[in-house]
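Working notes for the structure below.
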Amino acid sequence: MPAKSKAQQKAAGAALSAKHGDTKVGDLQGASKSMYKSMSEKELHDMASTKRKGKPEHASKS
């Protein structure tokens with residue numbers, strides 16, 4: 001599933017970094033922490049590798 005916003009893509013990248021052991025899990029906050037707990041490494045990779053061009057900074061809530 002591709003990221004819908006730049007913020008979501010960044011959070012997925014941070015969670016993926018923690019899954020790989022490059023970042024401490026304790027350093028994660030908010031969305032990245034919940035993504036780390038609830039998503040597989042493949043799901044995080046798919047979301048983090050989404051191209052940012054044309055994405056809004058934050059997804060709309062509608």
Side-chain angles (χ1 to χ4, degrees):
M1 99 179 86
K4 294 182 180 174
S5 69
K6 292 177 185 178
Q8 193 178 45
Q9 189 266 346
K10 290 178 193 178
L16 183 60
S17 176
K19 287 260 187 194
H20 287 162
D22 299 330
T23 304
K24 294 179 184 176
V25 178
D27 291 344
L28 298 178
Q29 299 177 20
S32 58
K33 185 177 258 186
S34 72
M35 285 178 170
Y36 174 83
K37 292 177 181 177
S38 66
M39 296 175 76
S40 71
E41 194 169 323
K42 182 184 182 332
E43 289 172 318
L44 288 170
H45 181 272
D46 290 346
M47 190 173 282
S49 63
T50 302
K51 300 290 183 207
R52 283 193 193 176
K53 188 173 183 174
K55 298 279 186 216
E57 188 62 39
H58 293 278
S60 63
K61 298 200 182 210
S62 13

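All values reported here derive from a predicted model rather than from experimental measurement.
Other residues, nucleotides and ligands place no more than 12 heavy atoms under 6.0 Å from the NZ atom of Lys4. Heavy atoms of other residues, nucleotides or ligands lying less than 6.0 angstrom from CD of Glu57 number more than 12.
Looking at every heavy atom in both residues, Leu28 comes nearest to Ala14 through CD2-O, 3.6 Å. Residues Ala3 and Thr50 approach most closely at N-OG1, 3.0 Å, considering heavy atoms. Looking at every heavy atom in both residues, Val25 comes nearest to Lys33 through O-CE, 4.3 Å. For the residue pair Ala15 and Ser32, the shortest heavy atom distance occurs at CB-O, 3.4 Å.
Atom-to-atom distance recorded for Ser5:OG and Lys10:NZ is 9.0 Å, nearest 0.5 angstrom. Remark: Leu16 CG to Met39 CE distance equals 10.0 Å, nearest 0.5 Å.
Residues passing the side-chain hydrogen bond (donor to acceptor under 3.5 Å, both in side chains) test with His20, sequence neighbours excluded: Glu41. Partners of Lys42 under the side-chain hydrogen bond (donor to acceptor under 3.5 Å, both in side chains) rule, at least two apart in sequence or in another chain, are Asp46. Under the side-chain hydrogen bond (donor to acceptor under 3.5 Å, both in side chains) criterion, Gln9 pairs with Arg52, sequence neighbours left out.
Contact check for Met47 versus Met35: side-chain heavy atoms found under the 4.5 Å cut-off.
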